[in-house]
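See below for the structure under consideration.
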Amino acid sequence: MPKVSQVKTHASLQLAAGTLVFLTVLTAADKKKDGPQGASAVNQAPADLIWPLPPDPPRIRWLAQYSDMAKVKPPAVKKTGWLDKITGTKTADEKFELRKPYGIAADKRGRIYTADTELKFVFVIDPVAKAVERREGNSHAPLSLPVGVAVDAEDRLFVSDAELHSIVCFSPSGQPLASFGATHLARPGGIAIDRQRNRLYAADAKASRIVVFDTSTMQFVGYFGSPSTPASHPGGTFYSPTNVALDRVGNIYVADTWNYRVQVLDPAGKFIRAFGAQGDRPGEFIRPKGIAVDSEGHVYVADAEFNNFQVLSPEGQPLLAVGSLGTDPGQFALIAGLFIDSKDRIYTTEMFHGRLQVFQYISQPDSADHKEVKRAANN
């Protein structure tokens, strides 16, 4: 049974507007130096892990994890020699495992894509078919340090390469189609695609801005934002942004990592709001990395220092923290990537443990906070 730390005190946070949100509040004894911690069930099977604990209604449920790709496929008869049996030597399939996954995404068929920065290719995991493939570059569209991944409406895969400062596009069947953006990108990280507007947004950590491309032509469109300074970092300026996400109306959410905040831009790149600060209290960050938005407008931020992800309202009000340092289900070791699909499944990656985990957001459509968050997300 996994041992996951339990939070002893739970309470709801009363907003000024009079609505209740599902915040887990820690006592001083529960709050550790590694940041705001999430609550989870203790002495339960992994499939029963939920956040927060009863009596609060569950909002996040743990679903699955992937690390050893040989376990994704159905069992097969392995031909091993006597020496392999004695020494315990693994076959090629048994060595097929995640090493340092970063970016993560899923397509409409439920296939999961994650860029492995050590192996230098993208894993494609099909949980339904129990199959694993990989996407690699070629001489015309090489991959050297794949980081961010995104999938468009046609199931084409786009992969950012931090070393070659470019983006590679793959066909739905896996053939490299093109490499673009090298003259406009310095060190791209996370990417996101607005399928309605045919726009790809890349967080450029080195240039401290967001770079925009047209996915139909793969041509450069423009830049959003500019570098901030230690003395001045107004809205619309960035300091090494690492990841980017979109809500259901096309607003752009940026993990402005070394400004310890999240910035929200409209589809035209106009600054809307920012929230977050450096610190270890709920709603604060130390190393914000992956970012995503669910169907109701809640904002999820993975923090590599805290080894958790926080769930916040569209305005940045902290609602819930999930995870702590560890290798059990529901725990994290250097969490990096974060993605939410159309069914509100939450995907995370860990670079230290070589693992991706899947969670499910559980909607409470009749609750007051659901209505408030939904209203705020649509404004």
Side-chain angles (χ1 to χ4, degrees), residues 64-74 76 78 84 88-107 110-127 129-151 155-179 181-182 185 187-192 202-203 205 242-243 289-290 302 304 307 327 332-339 347-358:
Q65 64 181 9
Y66 300 91
S67 180
D68 186 345
M69 296 296 100
K71 294 181 179 179
V72 177
K73 303 177 183 180
K78 295 179 292 184
D84 292 333
T89 302
K90 289 186 176 182
T91 66
D93 280 344
E94 290 174 317
K95 294 178 181 178
F96 199 44
E97 59 189 11
L98 297 175
R99 299 289 180 82
K100 291 185 178 180
Y102 188 94
I104 189 163
D107 65 18
R111 294 183 298 180
I112 307 167
Y113 302 79
T114 185
D116 196 300
T117 59
E118 180 177 318
L119 296 176
K120 302 183 186 303
F121 59 75
V122 176
F123 281 97
V124 185
I125 304 167
D126 191 330
K130 294 184 178 179
V132 181
E133 300 176 356
R134 62 190 194 185
R135 301 287 185 260
E136 298 180 89
N138 59 21
S139 58
H140 300 290
L143 280 181
S144 180
L145 185 58
V147 178
V149 292
V151 182
D155 279 350
R156 292 184 302 172
L157 171 67
F158 292 79
V159 184
S160 65
D161 192 302
E163 188 170 275
L164 299 179
H165 50 90
S166 61
I167 295 173
V168 175
C169 176
F170 292 85
S171 72
S173 59
Q175 287 77 35
L177 298 176
S179 177
L185 293 163
R187 190 175 178 85
I191 59 177
T242 53
N243 288 274
K289 293 282 188 177
N307 284 293
T327 58
F332 303 101
L334 198 58
I335 186 173
L338 185 63
F339 177 78
Y347 304 84
T348 63
T349 60
E350 299 157 68
M351 296 192 71
F352 182 78
H353 189 49
R355 175 175 63 164
L356 72 86
Q357 298 190 65
V358 188

Looking only at atom types and distance, does a side-chain atom of Ser166 sit under 3.5 Å from a main-chain N or O of Asp161, one as donor and one as acceptor? no

Closest heavy-atom pair, Ala202 versus Ile167, reported as atoms and distance to 0.1 Å, is CB-CD1, 4.4 Å

Decide side chain to side chain contact (heavy atoms under 4.5 Å, CB included) for Thr114 and Val149; before the verdict, give the C-alpha distance in whole Å, the side-chain angles of both, and the deciding distance to 0.1 Å. CA-CA 7 Å; Thr114 185; Val149 292; 5.9 Å; no

Working to the nearest 0.5 Å, report the span between CZ of Arg99 and CG of Leu119. 5.0 Å

Locate the shortest heavy-atom distance separating Pro188 from Ala162; write the atom from each residue and the value. O-CB, 3.6 Å

Shortest non-hydrogen contact between Lys289 and Ala336, atoms and distance: CB-O, 3.5 Å

Who passes side-chain hydrogen bond (donor to acceptor under 3.5 Å, both in side chains) against Asp107, sequence neighbours left out? Arg111, Tyr113

Heavy-atom side-chain proximity of Ser171 to Arg156 below 4.5 angstrom: no

Hey, which of Tyr102, Tyr66, Phe96 is the one that makes ring-ring contact (aromatic ring centres under 6.0 Å, His included) with Phe123? Phe96

Has Phe352 got more than 12 heavy atoms of other residues, nucleotides or ligands less than 6.0 Å from its CZ? no

In terms of heavy-atom contacts, Ala141 and Val168 come closest through CB-CG1, 3.9 Å

To the nearest 0.5 Å, what is the distance between CG on Leu356 and CG on Asp116? 10.5 Å

Measure the CD-CG distance between Glu97 and Asp68 for me, rounded to the nearest 0.5 Å. 5.5 Å

Correct closest heavy-atom pair for Leu98 and Gly354 would be CB-O, 3.4 Å

Where is the tightest heavy-atom contact between Ile112 and Pro127, given as atom of each residue plus distance? CD1-CG, 4.0 Å

Do any N or O atoms from the side chain of Arg355 and from the backbone of Ala333 form a donor-acceptor pair under 3.5 angstrom? no

Test your reading of the model: is there a side-chain donor-acceptor pair from Lys120 to the backbone of Ser144, 3.5 Å cut-off? yes

Within 45° of the six-membered ring axis of Phe170 and under 6.0 Å from that ring's centre, is NZ or CZ of Arg135 located there? no

Mind running side chain to side chain contact (heavy atoms under 4.5 Å, CB included) on Leu338 and Asn243 for me, showing each step along the way? CA-CA 9 Å; Leu338 185 63; Asn243 288 274; over 6 Å; no

Between the main-chain N or O of Gly189 and the side-chain N or O of Ser160, is there a donor-acceptor pair closer than 3.5 Å? yes

Test log, rule side chain to side chain contact (heavy atoms under 4.5 Å, CB included), inputs Ile125 and Met69: CA-CA 8 Å; Ile125 304 167; Met69 296 296 100; 3.7 Å; yes

CG (Leu145) and OG1 (Thr117) are apart, to the nearest 0.5 Å, by 6.0 Å

Could you verify whether a donor N or O on one side chain and an acceptor N or O on the other, from Gln175 and Ser173, lie under 3.5 Å apart? yes

When rounded to the nearest 0.5 Å, the distance separating CD of Glu163 from CZ of Arg187 is 7.5 Å

To the nearest 0.5 Å, what is the distance between CE (Met351) and CD1 (Ile335)? 12.5 Å

